[in-house]
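A short worksheet on the structure shown next.
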Amino acid sequence: SPINGNDDNDGLSEDDSLATLEKALSLISAGDTILLHAGRYLEGDLEITQSGTQNQPIVIKNAPGENPVLDGTDTDFQANWQEYSPGIYRTQTSREPRKAFLDGGQLYHYAALNDLLDNKWGQPGGYHNDGSYIYIMFPDGATPEDHTFTIPRYTNGLVINQKSHIHIKGLEFAYYGYGAYHQAIYIDGGDYNLIDNCYFHHVMKGVSFKRAADFNVVQNCRFNESPIITWDWNAIKTGGIGYESGGVSVYASVQRSEGNVVRYNEFYDLFDASGIGSMDIEGPTTNFDYHDNKILYCNDDGLEVDGANINTRVYNNLFDGCLAGVSAAPNAIGPTYFIRNTIVNWHPVEPY
């Protein structure tokens, strides 16, 4: 428990609970369960150090009826805003976060300071950093006193590197994204892992697979990156930094991934909800099942199956309120199957 735990305890009972997940992870072995009690665990870039087995998985889950949050916020960051130009403020800092948040929601990252100064994309707000300052434009000409600006300390939440039979259940992940390749859970070559009933928000990628990450399941989860659905489509495509990644993503690799399943999830208020095709012909997405998901209100694609796929199966999904329900451009190797999906309320985007 981050509220009344202590990392000097043994962690074997509620009365002797640990304070951090990091400490608990240093003690695990196959068959162990880590129960997280309610509170905000201000931790990140944590690596799973051991594998479980089929009969003795390692389980990390919420204590019954409680809502633990893994929160990547940099609580040491203190802004001292000074007006730089009309409507633009800045604070001196060497921090260069790839993502930042305003009042708990995504804040648009301008790649160039002049674009921020000119409000080139007509965004309701935005920020830019250059290693010396963070510059910010608050919505509707507001001042710093009207809003809360935060940045992440950590790039990732949990990393599962070449580890298997890890079950992660009932956790909330929020406010990660300091470095370029960021996500809440990064499965790099891990097999037979389960992500179940978790809530991912303001992390950009919720769960990512890379290299030979095989037979993993993501189910019953929610993914949300509000207020991205209100942003200008061209701003994200042309002038921003990295808002196209979806809630579930497959990285390009020369090693194929096989047998992963994404099912019974809800994706809403993202730019692209998921991207499951491999962008490397040497390492195709193979035998991937994406089914019975709800994809609600995306600026662009409900699902990207672009790239290299063999026996990718997309079925029984609902795509509601996207520019395109499914993108398969190009679709290499094949076959890729789209069966009994429902696509409704698609919307135009200037100039498309």
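- Ring-plane geometry between F215 and Y192 is classed as parallel, the angle between the planes falling under 30 degrees on a 0 to 90 degree scale with a further cut at 60.
- Summarising the local packing, CD of E282 is surrounded by 12 or fewer heavy atoms from other residues, nucleotides or ligands at distances under 6.0 Å.
- Side-chain contact between T91 and F77 is present, with heavy atoms from C-beta onward closer than 4.5 Å.
- Residues N129 and I151 form no side-chain contact, since every pair of their non-hydrogen atoms from C-beta on lies 4.5 Å or further apart.
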Salt bridge (Lys or Arg N to Asp or Glu O under 4.0 Å) evaluation trace for D289 with R263:
CA-CA 8 Å; D289 284 282; R263 62 188 180 188; over 6 Å; no
Please step through side-chain contact (heavy atoms from CB on, under 4.5 Å) for the pair I343 and F338, ending with a clear verdict.
CA-CA 12 Å; I343 304 175; F338 304 97; over 6 Å; no
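- At a threshold of 4.5 Å between non-hydrogen side-chain atoms, the residues R153 and D76 count as touching.
- Heavy atoms only, all atoms of each residue included: I228 and F271 are closest at CG2-N, 3.8 Å.
- In the hydrophobic cluster analysis, where Ile, Leu, Val, Met, Phe, Trp and Tyr join through side-chain heavy atoms closer than 4.5 angstrom, I166 is grouped together with F173.
- I241 and L107 end up in different hydrophobic clusters when Ile, Leu, Val, Met, Phe, Trp and Tyr side chains are linked at under 4.5 Å.
- When atom types are taken as modelled, the side chain of S253 and the backbone of G283 share no donor-acceptor pair closer than 3.5 angstrom.
- Across all their heavy atoms, L116 and I136 have their closest contact at CD2-N, 4.3 Å.
- The side-chain tip of R222 points at the ring of Y199 from less than 6.0 angstrom away and within 45° of straight on.
- Within 6.0 Å of OH in Y178 there are more than 12 heavy atoms belonging to other residues, nucleotides or ligands.
- Between the OG1 atom in T49 and the CD1 atom in I28 there is a gap of 4.5 Å [rounded to 0.5 Å].
- Placement of Y108 and I134 in two distinct hydrophobic clusters is found when ILVMFWY residues are connected by side-chain heavy-atom separations under 4.5 Å, directly or transitively.
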Would E244 and D301 satisfy side-chain contact (heavy atoms from CB on, under 4.5 Å), going step by step from the backbone distance to the final call?
CA-CA 9 Å; E244 292 192 54; D301 301 322; over 6 Å; no
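- Test T342, D292, N341, I295 against L318 for side-chain contact (heavy atoms from CB on, under 4.5 Å) and you get one pass: T342.
- With sequence neighbours left out, the ring-ring contact (aromatic ring centres under 6.0 Å, His included) criterion links Y337 to no other residue.
- The salt bridge (Lys or Arg N to Asp or Glu O under 4.0 Å) pairs that include a residue from residues 11-25 number zero, where partners must be two or more places apart or lie in different chains.
- No donor-acceptor pair closer than 3.5 Å links the side chain of D280 to the backbone N or O of A252.
- Closest non-hydrogen pair, A38 versus I3, comes out as O-CD1, 3.7 Å.
- A donor-acceptor pair is defined here as one N or O able to donate and one able to accept, closer than 3.5 Å; no such pair exists between the side chain of D118 and the backbone of K120.
- For Y297 and Y268, the ring centers sit 6.0 Å or farther from each other.
- Checked by atom type and distance alone, the side chain of D272 never pairs as donor or acceptor with a backbone atom of D300 at under 3.5 Å.
- Side-chain rings of Y186 and Y251 approach one another, their centers coming within less than 6.0 Å.
- Atom NZ of K169 sits about 6.0 Å away from atom CG of D196, to the nearest 0.5 Å.
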Tell me, with the steps shown, if S274 and V262 meet side-chain contact (heavy atoms from CB on, under 4.5 Å).
CA-CA 10 Å; S274 296; V262 176; 5.5 Å; no
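- I195 and V159 end up in different hydrophobic clusters when Ile, Leu, Val, Met, Phe, Trp and Tyr side chains are linked at under 4.5 Å.
- Side-chain atoms of H347 come within 3.5 Å of backbone atoms of C298 as a donor-acceptor pair (strictly under, hydrogens ignored).
- With sequence neighbours left out, H202 forms a ring-ring contact (aromatic ring centres under 6.0 Å, His included) with Y175.
- Taking the six-membered ring for Trp and the full ring otherwise, Y127 and H109 have centroids separated by under 6.0 Å.
- Of all non-hydrogen atoms in D232 and Q123, the two that sit nearest each other are N-OE1, 3.2 Å.
- E225 has its side chain within reach of V203: a pair of non-hydrogen atoms, C-beta onward, lies under 4.5 Å apart.
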One pair to check against side-chain hydrogen bond (donor to acceptor under 3.5 Å, both in side chains): N331 and T336. What are the steps and the verdict?
CA-CA 8 Å; N331 184 232; T336 299; 3.1 Å; yes
Is there a side-chain hydrogen bond (donor to acceptor under 3.5 Å, both in side chains) between N197 and Y264? Walk through the geometry before answering.
CA-CA 10 Å; N197 194 34; Y264 313 130; over 6 Å; no
For F138 and D146: C-alpha separation, side-chain torsions, deciding distance, then whether side-chain contact (heavy atoms from CB on, under 4.5 Å) applies.
CA-CA 9 Å; F138 293 99; D146 299 320; over 6 Å; no
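- The backbone N or O of P152 sits nowhere less than 3.5 Å from a side-chain atom of D74 that would complete a donor-acceptor pair.
- Because its NZ or CZ atom is both nearer than 6.0 Å to the ring centre of Y133 and within 45° of the ring axis, R90 counts as a cation-pi partner of that residue.
- Panel note: side chain T285, backbone I276; a donor-acceptor pair is recorded below 3.5 Å.
- Without hydrogens or angle criteria, E43 side chain to T20 main chain gives no donor-acceptor distance under 3.5 Å.
- Inter-residue side-chain proximity for N287 and R313 is flagged as met; some heavy-atom pair is nearer than 4.5 Å.
- With a 4.5 Å cut-off on side-chain heavy atoms, T238 and W121 count as touching.
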Report the C-alpha separation of H201 and E172 in whole Å, then their side-chain angles, then the decisive distance to 0.1 Å, and conclude whether the side-chain hydrogen bond (donor to acceptor under 3.5 Å, both in side chains) test is met.
CA-CA 8 Å; H201 65 96; E172 180 178 337; 2.7 Å; yes
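- Checked by atom type and distance alone, the side chain of N317 pairs as donor or acceptor with a backbone atom of N293 at under 3.5 Å.
- Within the 4.5 Å cutoff, the side chain of N224 has no heavy atoms near those of the E266 side chain.
- Considering only heavy atoms from C-beta on, K61 comes within 4.5 Å of L35 through its side chain.
- Of the listed residues (F223, F267, Y176), just one forms a ring pair (Phe, Tyr, Trp, His ring centres under 6.0 Å) with F200, and that residue is F223.
- Centroid-to-centroid, the aromatic rings of H147 and F149 stay 6.0 Å apart or farther.
- Salt-bridge check for D188 with K210: failed, with every basic side-chain N at 4.0 Å or more from each acidic carboxylate O.
- Cluster membership check: L18 does not share its hydrophobic cluster with I168, using side-chain heavy-atom separations under 4.5 Å among Ile, Leu, Val, Met, Phe, Trp and Tyr.
- The distance from atom CE of M204 to atom NZ of K99, rounded to the nearest 0.5 Å, is 5.5 Å.
- The aromatic rings of Y243 and W231 stand perpendicular to each other, their planes meeting at an angle above 60°, with 30° marking the opposite boundary.
- In terms of modelled atom types and a separation under 3.5 Å, the side chain of D32 and the main chain of A30 share no donor-acceptor contact.
- Contact record, I48 with K163: O-CG, 3.6 Å, taken as the closest heavy-atom pair.
- Across F319 and G325, no two heavy atoms sit closer than the pair CD2-O, 3.5 Å.
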